[in-house]
Amino acid sequence: MTQSKKKIIDIIAGTRPNFVKIASLFNQINIISKIKKKYEFRLIHTGQHYDKMLSDTFFQELRIPKPNFSLNVGSGSHAFQTANIMKKYEKIILKKPPNLCIVVGDVNSTIACAISAKKLGIKVAHIEAGLRSGDISMPEEINRILTDSITDYFFTTSKLANMNLLKNGIKKKNIFFVGNTMIDTLKNNLNKLKKPSLWETNSLEVKSYYLLTLHRPSNVDDIKNLKKIISIIKKFKNEKFIFPVHPRTKKKLNQIRNFDKNLIISKPLSYFNFNYLLKNAKGIITDSGGITEEATFFKVPCFTMRENTERPETINVGSNVLIGNNYNLLKRSINEVNNNRWKKSKVPEKWDGKTAYRILNIIDKII
Ligand code: UD1
């Protein structure tokens, strides 16, 4: 088959969690020879995340190919980011339209490219479709609802996500419960996880410390919340808390001084370093969605600093609990882990490392 007869599939990625999700797709594209022969994959990097530690490092470690197109959109308001990605991706489609546009997750890059594609008559596939937190004040929830309302093929991480889609009137034949591409990537890279340099400098040992990640506007934009979480950590003088800081959080953190020695602040970590720390942590305090899934996979106790989650299986089946802004519950939860009383958990159905394989085989049948 000649190059020109190949069908074109665009894969969109813009932020750190997107890169983790698409890595397993590219890994499988290289393995399944019939897929490689029949399709031309174009990777579109929107540039929503552009810092070395949020972008380049992930491409290198996870062996993601160089993007075919870099939109370099950068930071800005939601409307600015979304509109600029839409305009730039539209130009690419008009020049050479793809047969399918694959978007992942719930970030501004996801909805922007879905709209540009759909309005030009291109079919859209959404990986991680059907997740709902029920909290419309979150920008990600708006992105999820809008993306799913114009998606053609829905790939889901849980049966609950299937139910959410069915409730919204999506036809069953277009919903595919395939599992979790983020867990594929984790399984593929387990033997490459490595100690960050802060391991030695802080004399860390396996299961001797907690991890902390915060980046949601609701936790970090209001400095009072950030201060409160830090004040709880202060109370656990004998515990170490490792805090790799997201750029959004750094801006606020710079306004707080007088951290105690038990709070170890670091720049964002690479994938291999971060997941080494997660796997070996006593527990993690986080407001990320993806990290609750990775903690569930590792069966590491996870305290989510949010009132709700779009990933309820991490609570029903996994190692996660919702803390919200109940700081007493956070204290109690840390004590429970210290006393070895955390709940027993399991890895959810189909989080088995074969999700990207399932997705590509389904796509091969439908387009
Ligand atoms: C975005 C996603 C969020 C996801 C998170 C993962 C949306 C609406 N939000 O949030 O769902 O969980 O990514 O990290 O899409 N910045 C840098 N360097 C970068 C990127 C951003 O310094 O490479 C700074 C900018 O000043 C920017 C701020 O971080 O204003 C926030 O970045 P932005 O892309 O707006 O959203 P995130 O908070 O990263």
Side-chain angles (χ1 to χ4, degrees), residues 12-23 44-60 62 67 70-86 89 103-115 126-129 131-133 135-147 157 182 185 211-222 225-226 243-255 266-271 274-275 278 284 286-295 304-306 308-311 314:
I12 312 297
T15 64
R16 179 167 63 174
N18 291 168
F19 308 140
V20 178
K21 286 165 201 166
I22 63 155
I44 321 286
H45 186 334
T46 65
Q48 183 174 343
H49 282 177
Y50 45 83
D51 277 356
K52 187 172 180 291
M53 291 311 290
L54 297 193
S55 178
D56 301 4
T57 319
F58 284 74
F59 276 73
Q60 283 151 18
L62 301 176
S70 295
L71 308 186
N72 296 318
V73 67
S75 300
S77 70
H78 287 261
F80 170 91
Q81 250 177 1
T82 311
N84 279 306
I85 296 170
M86 281 176 68
Y89 182 46
V103 295
V104 299
D106 53 18
V107 300
N108 291 341
S109 305
T110 312
I111 179 60
C113 292
I115 294 176
H126 184 201
I127 295 179
E128 218 183 71
L131 299 191
R132 297 289 183 272
S133 68
D135 178 359
I136 198 69
S137 70
M138 284 175 71
E140 294 82 2
E141 183 74 351
I142 300 171
N143 292 340
R144 288 179 202 119
I145 292 171
L146 296 182
T147 303
T157 51
M182 221 170 187
T185 301
L211 256 181
L212 170 65
T213 83
L214 297 168
H215 76 280
R216 295 261 160 226
S218 56
N219 278 323
V220 300
D221 287 2
D222 182 351
N225 292 339
L226 197 55
F243 189 11
V245 180
H246 183 283
R248 176 190 279 281
T249 315
K250 187 163 179 262
K251 287 183 191 161
K252 291 288 166 185
L253 208 59
N254 287 341
Q255 298 171 26
S266 132
K267 60 182 188 338
L269 294 168
S270 78
Y271 183 82
F274 181 78
N275 280 292
L278 177 56
I284 177 159
T286 188
D287 59 8
S288 154
I291 290 172
T292 63
E293 298 182 336
E294 290 164 338
T304 295
M305 304 308 290
R306 288 174 50 192
N308 46 57
T309 176
E310 59 289 340
R311 294 161 164 94
T314 61

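Remember, it's 1-based here, ligands and their atoms both numbered in the order they're listed. Note that this is a predicted model, so its numbers are computed, not measured.
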Out of M138, R16, Q48, indicate the one that has the non-hydrogen atom closest to atom 34 (O) of ligand 1. Q48
Show me which atoms of ligand 1 lie under 4.0 Å from any heavy atom of H78. 8 (C)
Quick check for you: to the nearest 0.5 Å, what is the distance between R16 atom CZ and H215 atom NE2? 7.5 Å
Contact check, K250 vs ligand 1, heavy-atom distance below 4.0 Å: no
L214 vs L226, side chain to side chain contact (heavy atoms under 4.5 Å, CB included): CA-CA, chis, key distance, verdict: CA-CA 9 Å; L214 297 168; L226 197 55; 3.8 Å; yes
Just wondering, do N225 and V220 contact through their side chains at under 4.5 Å, heavy atoms? no
Result of checking D106, I111, T110 against R144 for side chain to side chain contact (heavy atoms under 4.5 Å, CB included): D106
With heavy-atom distances below 4.5 Å as the criterion, would you say the side chains of M182 and K21 are in contact? yes
Considering heavy atoms of the protein only, find what lies nearest to atom 6 (C) of ligand 1 and give residue, atom and distance to 0.1 Å. P17 CD, 3.5 Å
The protein heavy atom nearest to atom 30 (O) of ligand 1 is K251 NZ, 3.7 Å
Please list the nearest protein heavy atom to atom 16 (N) of ligand 1 with its residue and the distance rounded to 0.1 Å. Y50 OH, 3.5 Å
Considering only the protein, which heavy-atom contact is closest to atom 3 (C) of ligand 1, and what is its distance? E140 OE2, 3.2 Å
Sub-4.5 Å side-chain heavy-atom contact between Y271 and T57: no
I need the nearest protein heavy-atom contact for atom 14 (O) of ligand 1: residue, atom name and distance, please. H49 CE1, 3.1 Å
Nearest neighbour in protein (non-hydrogen) for atom 18 (N) of ligand 1: D51 OD2, 2.9 Å
Answer whether the closest heavy-atom distance between the side chains of N308 and R306 falls below 4.5 Å. yes
Heavy atom to atom 5 (C) of ligand 1, shortest distance: which of H215, E141, M53 holds it? H215
Under a 4.5 Å cut-off applied to non-hydrogen side-chain atoms, are Y50 and S75 in contact? yes
Using a 4.0 Å cutoff against the non-hydrogen atoms of L54, which atoms of ligand 1 qualify? 19 (C), 20 (C), 23 (O)
So which heavy atom in the protein is nearest atom 27 (C) of ligand 1, and how far is it from that ligand atom? S75 OG, 3.5 Å
Minimum-distance protein heavy atom relative to atom 28 (C) of ligand 1: R248 CB, 4.1 Å
Measuring only between side-chain heavy atoms, which start at C-beta, is T309 closer than 4.5 Å to T304? no
